[in-house]
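Structure first, commentary second.
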Amino acid sequence: MNHTVNTNKLRKDIMNVLTRIDDVKKLKLIFQQAEEIEEMNIVEDEQSLNIEDGIVEVREGVTLDQLLKEQNYKPINYQEFKSLTDEIEWEHSLEELLENLD
């Protein structure tokens with residue numbers, strides 16, 4: 001019951017804030033974020049976490065090839081990797097990054 005009271009109060013508070021906003025762009029942004037949040041699977045508190053959800057079956061005799069196939073592993077060669085990294089726009093030069101290590 002306490003959770004319902006808190007939820008209802010929070011909804012009312014959110015509605016009060018929303019009714020004071022007249023900017024269409026801000027309201028659209030709030031709406032988009034609310035939809036994204038609604039789609040998320042949010043854990044409300046750590047007590048609702050179940051340790052058993054993290055337990056996986058240990059299998060013996062599994063080969064590396066079997067694991068790679070199960071995980072849909074697709075390796076790339078150096079040239080593919082290099083072309084992907086060349087496309088990254090770095091905010092700082094390598095020299096600047098190295099200077100920050102000192």
Side-chain angles (χ1 to χ4, degrees):
M1 183 75 179
N2 190 21
H3 176 71
T4 304
V5 172
N6 290 338
T7 302
N8 289 335
K9 181 185 180 323
L10 189 54
R11 279 191 186 113
K12 184 179 175 185
D13 292 344
I14 291 169
M15 292 298 293
N16 287 335
V17 170
L18 287 175
T19 56
R20 293 191 304 262
I21 299 174
D22 290 327
D23 187 303
V24 175
K25 289 181 182 178
K26 288 179 183 177
L27 289 170
K28 284 182 180 180
L29 180 61
I30 292 168
F31 178 74
Q32 289 172 343
Q33 290 177 344
E35 281 188 324
E36 290 173 10
I37 291 169
E38 183 182 32
E39 292 173 5
M40 293 170 55
N41 183 14
I42 299 175
V43 177
E44 291 187 11
D45 58 14
E46 292 181 14
Q47 293 175 349
S48 64
L49 296 175
N50 186 352
I51 187 94
E52 293 176 1
D53 292 339
I55 298 174
V56 295
E57 178 185 345
V58 176
R59 301 178 302 171
E60 293 184 22
V62 179
T63 67
L64 176 60
D65 289 336
Q66 288 172 315
L67 288 175
L68 295 176
K69 184 177 179 181
E70 288 173 11
Q71 295 178 7
N72 198 24
Y73 175 74
K74 295 177 183 153
I76 62 172
N77 61 34
Y78 176 77
Q79 284 128 352
E80 292 171 309
F81 176 79
K82 181 71 173 142
S83 70
L84 291 172
T85 58
D86 286 342
E87 294 173 10
I88 297 173
E89 293 184 25
W90 299 97
E91 291 182 30
H92 304 285
S93 69
L94 178 59
E95 290 77 22
E96 290 174 320
L97 294 172
L98 291 173
E99 284 175 10
N100 287 328
L101 292 176
D102 291 335

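Just the heavy atoms: all of them, side chains too, but no hydrogens, waters or symmetry mates, feed the values below.
- The heavy-atom pair separating Ile76 from Leu84 by the smallest distance is CD1-CD1, 4.2 Å.
- The line from NZ of Lys26 to CG of Leu18 is 12.5 Å long, rounded to the nearest 0.5 Å.
- From Ile14, atom CD1 reaches atom NZ of Lys9 across 10.5 Å, with rounding to the nearest 0.5 Å.
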message: Set out, in order, the CA-CA distance, both residues' side-chain angles and the distance that settles salt bridge (Lys or Arg N to Asp or Glu O under 4.0 Å) for Lys82 and Asp86, then state yes or no.
response: CA-CA 6 Å; Lys82 181 71 173 142; Asp86 286 342; 3.2 Å; yes
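- One distance of note links CD1 of Ile21 with CD1 of Ile30; it measures 3.5 Å at 0.5 Å rounding.
- In the hydrophobic clustering of ILVMFWY residues, with side-chain heavy atoms under 4.5 Å counting as a link, Leu67 and Tyr73 come out apart.
- Taking hydrophobic clusters as Ile, Leu, Val, Met, Phe, Trp and Tyr residues chained together by side-chain heavy-atom distances below 4.5 Å, Leu68 does not share a cluster with Val62.
- Nearest heavy atom pair, residue Thr85 against residue Trp90, reads O-NE1, 4.2 Å.
- Each of Leu10, Asn8, Asn16 was evaluated against Lys12; a single residue qualifies, Asn16, per the side chain to side chain contact (heavy atoms under 4.5 Å, CB included) test.
- Here the CG-CG distance, from Leu27 to Asp22, works out to 7.5 Å after rounding to the nearest 0.5 Å.
- Taken together through direct or relayed side-chain contacts under 4.5 Å among Ile, Leu, Val, Met, Phe, Trp and Tyr, Val58 and Ile55 form parts of separate hydrophobic clusters.
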task: Would you please test Lys74 and Glu80 for salt bridge (Lys or Arg N to Asp or Glu O under 4.0 Å) and show each step?
output: CA-CA 12 Å; Lys74 295 177 183 153; Glu80 292 171 309; over 6 Å; no
